[in-house]
Amino acid sequence: MAWIFSLPSLITKHKKITPFEIHTCLNLKFIKHFCFSSVQHPHELDHCIKSNSFYESLIDNSTHITHLYQIHDKLIVSGLQHNRFLITKLVNGCSNIGHIFYARKLFDEFPDPDLFMWNAIIRSYSRNNMYMDVIEMYRWMRLVGLHPDKFTFPCVLKACSELLDFGLSCLVHAHIIVYGFGSHVFVQNGLVVLYAKCGCIDMARVVFDRLYDRTIVSWTAIISGYAQNGEALEALRLFNQMRNTDVKPDWISLVSIMKAYTDVDDLEQGKCLHGCVIKTGLEDEPDLLISLTAFYAKCGLVTVARSFFDQMKTPNNVMMWNAMISGYAKNGHAEEAVDLFRSMISRNIQPDSITVRSAILASAQVGSLKLAQWMDDFVRKSKYRGDIFVITTLIDMYAKCGSVESARGVFDRASVKDVVMWSAMIMGYGLHGQAWEAIYLYHAMKQEGVCPNDVTFIGLLTACSHSGLVKQGWELFHCMRDFGIKSRNEHYSCVVDLLGRAGYLDQAFVFILKMPIEPGVSVWGALLSACKISRSVTLGEYAAQKLFSLDPYNTGHYVQLSNLYASSRMWDRVAYVRVLMKEKGLIKYLGYSVIEINGKLHTFHAGDMSHPRAKEIFDELQRQERRLKEVGFVPHTESVLHDLNYEEKEENLCIHSERIAVAYGLITTAPGTTLRITKNLRACVNCHSAIKLISKLVEREIIVRDANRFHHFKDGLCSCGDYW
DNA sequence: GTAGGGTTAG
């Protein structure tokens with residue numbers, strides 16, 4: 001009977017078994033053909049086709065559901081339809097190729113399924129991401145009196161962690177203890193993952209600490225758990241602890257630790273881990289290459305990331321494309337991200353929903369309305385036109401590209417709206433200083449029965465502070481409690497901004513002192529910029545000191561303090577801040593503005609003469625200066641002179657990058673065309689006043705996106721109401 | 001004879 005065991009290898013010689021071949025096989029011709037010499041007597045042949053291992057190898061080698069249908073038919077004909085082992089095998093086979101409904105049919109038709117079969121159907125649902133069904137089957141199984149075992153619990157725990165049902169999770173944990181799996185390593189690993197996913201990382205840690213025999217899976221579960229809960233440093237500490245044990249990292253553990261380094265942007269540690277990857281000889285592992293690409297891209301070494309990307313052996317790996325595209329987008333290389341997305345499309349590689357979202361995110365950063373429309377068009381023609389995540393990203397993109405109307409169009413077309421989509425639209429209005437629209441939408445959302453969340457309120461509060469609606473903002477802030485939403489630093493900083501801008505500086509300060517959580521960078525930052533508006537040097541200096549201790553290497557805080565001194569004409573202190581920055585080795589950002597003309601982006605720096613039409617641009621600038629003077633415009637010379645936020649002072653104030661972009665827009669577009677400009681820094685006082693007047697003089701709408709928000713200049717006024 | 005950990009992301 002030795003030849004029976006060679007059957008699997010005979011079958012696998014056929015790289016892809018066709019239904020016809022399976023059929024042939026089941027008709028014995030196959031066996032006769034291949035094994036004729038081995039079969040001495042007909043009864044041996046008969047024995048062979050009734051043996052489990054014969055069918056087992058057939059099932060294992062089936063790649064199509066029709067194979068399994070035929071095998072099942074043959075089992076029935078051979079009277080083997082009640083063979084537990086083979087039917088369980090078939091259930092597994094069906095679920096492996098995604099035919100969960102046939103697996104369920106086999107299960108339902110089996111008279112008295114045993115624990116093995118129950119585990120098989122539960123695992124089938126788990127593999128096919130049908131977690132509600134996992135729980136349903138688990139309940140049913142207990143109802144019929146079967147005790148779950150060490151194979152049942154990992155699947156059930158996975159389902160709990162995907163469903164994020166904390167109550168259910170606790171119940172299952174209780175079952176685990178009752179049935180005696182309180183120290184089984186596979187089951188406990190599942191608990192670690194479950195608690196980490198539910199945000200109870202401390203509970204996960206308790207389970208992990210009590211684990212007697214920690215495997216690489218246990219370590220990976222706790223390390224990635226910390227990483228997912230935003231505690232990357234603890235994740236890394238545990239990784240180092242693991243390296244002092246006998247447990248050797250494998251590629252999955254390295255992927256999750258790489259993710260932790262990516263989250264904290266720790267280039268040096270990440271490079272060390274890369275070394276570790278090479279030492280373990282796992283550097284060709286495709287998914288590890290994706291993680292390395294994502295890591296280097298996020299940390300700014302896009303060229304290194306790109307070299308990994310270019311080495312990719314399977315060009316159709318969407319995750320690799322996603323890692324590179326999102327890496328470019330996150331790191332200020334938005335145009336490269338869009339280019340890569342386009343090249344992916346042109347190569348006929350199917351993007352998934354994440355690719356599309358990353359590309360839209362990149363388009364939002366580029367700020368070009370033409371590109372935004374192209375992306376919108378792409379989505380409408382694709383299978384993602386109904387994807388709630390993609391639509392939300394589109395709304396955000398249009399708002400960031402200056403067209404809150406188009407954002408609203410996308411929003412109105414969406415058939416299903418969840419809280420994130422409503423919040424994105426509210427945020428969009430906030431960005432454009434249309435606070436009343438934001439508030440109106442908030443009420444409409446509640447009317448639709450959608451409950452606001454913390455993000456909704458960030459949008460609302462931002463909108464109120466951008467428009468100076470102090471009373472409304474204050475009321476909304478207090479509404480949060482009614483929805484059981486805890487205020488975060490972002491909410492507090494909006495309120496500080498709201499009070500501070502409107503001149504209630506003392507109230508803002510008292511508000512900070514009363515905060516139940518430690519005030520963060522954003523809160524003190526809001527106070528400092530409010531101090532600049534009302535020229536409150538003492539309080540501003542206090543805020544700045546807090547900022548310097550919390551976030552010492554952020555150029556922005558020094559710039560803000562310097563602006564505060566400049567607004568109070570304290571030039572010696574302005575100079576002092578400059579020295580302070582030099583000592584810390586901080587350099588100020590180079591300002592630039594981008595304008596889109598006929599779908600092409602033109603970038604200008606301060607005093608930029610490099611454009612082919614520089615001569616015409618400067619003629620236009622001079623013409624504007626003359627007209628501004630004629631209507632009595634007085635440049636804010638002194639403050640600009642010392643304002644570190646803006647481009648190096650040139651002889652003429654009008655050559656800040658946004659003014660050059662406006663001039664270029666005016667000479668290249670038809671009268672009445674709206675100009676759309678994006679600036680990387682905040683708008684300067686002088687340019688802001690000048691552009692307001694220019695919008696009136698040339699009868700144009702000029703929309704400027706600065707680092708914080710949008711300014712819609714029209715008829716001599718700005719939508720920001722001069723608060724920014 | 002069955003199983004557990006990970007990556008891209010509104």
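Residue numbers start from 1 in every chain, and the chains themselves are labelled A, B, ... in the order their sequence lines are given, proteins ahead of strands.
- A/Asp287 contributes a side-chain N or O that forms a donor-acceptor pair with the base of B/dG6 under 3.5 Å.
- Within residues 194-231 of chain A, the residues having any heavy atom under 4.0 Å from DNA chain B are, by residue number, A/Thr215, A/Ile216, A/Val217, A/Thr220, A/Ser224, A/Gln228.
- A donor-acceptor pair shorter than 3.5 Å cannot be found between the side chains of A/Asp60 and A/Ser57.
- For A/Asp250 against B/dG5, a side-chain N or O and a base N or O form a donor-acceptor pair under 3.5 Å.
- Contact check on A/Glu136 versus A/Arg139 returns no salt bridge, with no Lys/Arg side-chain nitrogen under 4.0 Å from an Asp/Glu carboxylate oxygen.
- Using a cut-off of 4.0 Å between Lys/Arg side-chain N and Asp/Glu carboxylate O, A/Asp263 and A/Lys298 are scored as not salt-bridged.
- Across all strands shown, A/Trp251 has heavy atoms under 4.0 Å from base atoms, whether or not it also approaches the sugar-phosphate.
- When distances run from any side-chain atom of A/Val185 to the nucleotides B/dG4, B/dG6, B/dG10, the shortest one goes to B/dG4.
- Here A/Lys330 does not reach the OP1 or OP2 of B/dT8: none of its side-chain N or O atoms lies under 4.0 Å away.
- Between A/Arg306 and A/Glu336 no salt bridge is recorded (no basic side-chain N to carboxylate O distance below 4.0 Å).
- The A/Ser253 side chain lies nearest to B/dG5 when the options are B/dA9, B/dG5, B/dT7.
- Heavy atoms of A/Asn92 sit nowhere under 4.0 angstrom from any nucleic acid atom.
- Straight-line distance from the CD1 atom of A/Ile360 to the C1' atom of B/dA9: 12 Å, rounded to whole Å.
- Residue pairs meeting the ring-ring contact (aromatic ring centres under 6.0 Å, His included) criterion with at least one partner in residues 289-315 of chain A, sequence neighbours excluded, are A/His274-A/Tyr296, A/His274-A/Phe308, A/Tyr296-A/Phe308, A/Phe309-A/Trp321.
- Rounded to an integer number of Å, the gap from A/Ile349 CD1 to B/dT8 C1' is 15 Å.
- A straight line from CG of A/Asp149 to P of B/dG1 spans 15 Å, rounded to a whole angstrom.
- Closest approach to the A/Asp352 side chain among B/dG1, B/dT8, B/dG10 is made by B/dT8 (side chain taken as heavy atoms from C-beta onward).
- Of the candidates B/dA9, B/dG10, B/dG6, the closest approach to any side-chain atom of A/Val420 belongs to B/dG10.
- When rounded to the nearest whole Å, the span between CG of A/Asn189 and P of B/dG4 equals 11 Å.
- Whole-Å rounding puts the A/Glu162 CD to B/dG4 C1' distance at 13 Å.
- Of the candidate nucleotides B/dA9, B/dG10, B/dG6, B/dG6 has the atom lying nearest to any side-chain atom of A/Val255.
- The shortest distance between side-chain heavy atoms of A/Leu106 and A/Cys94 falls below 4.5 Å.
- A/Phe85 comes within 4.0 angstrom of a base, heavy atoms only.
- For A/Thr392 and B/dG10, a side-chain-to-base donor-acceptor distance below 3.5 Å is present, hydrogens and geometry of angles not being considered.
- Look at NZ on A/Lys298: it is 14 Å from C1' on B/dT7, rounded to the nearest Å.
- Rounded to an integer number of Å, the gap from NZ of A/Lys259 to C1' of B/dT8 is 9 Å.
- Both geometric conditions, a ring-centre gap below 5.5 Å and a plane tilt below 30°, are fulfilled for A/Phe116 over the base of B/dG1.
- Closest to the side chain of A/Pro154, from the set B/dA9, B/dG4, B/dG1, is B/dG4.
- As judged by a 4.0 angstrom heavy-atom cut-off over every strand, A/Thr88 is placed among the base-contacting residues.
- Per the geometry, NZ belonging to A/Lys158 stands 10 Å off C1' belonging to B/dG4, to the nearest Å.
- Among the heavy atoms of the strands, none lies under 4.0 Å from A/Lys89.
- Between A/Arg205 and A/Tyr195, the side chains place no donor N or O within less than 3.5 Å of an acceptor N or O (distance only, hydrogens not considered).
- Taking the ring axis of A/Phe208 as reference, the NZ or CZ atom of A/Arg214 stays within 45° of it and closer than 6.0 Å to the ring centre.
- With sequence neighbours excluded, the residues that form a side-chain contact (heavy atoms from CB on, under 4.5 Å) with A/Asn129 are A/Tyr131.
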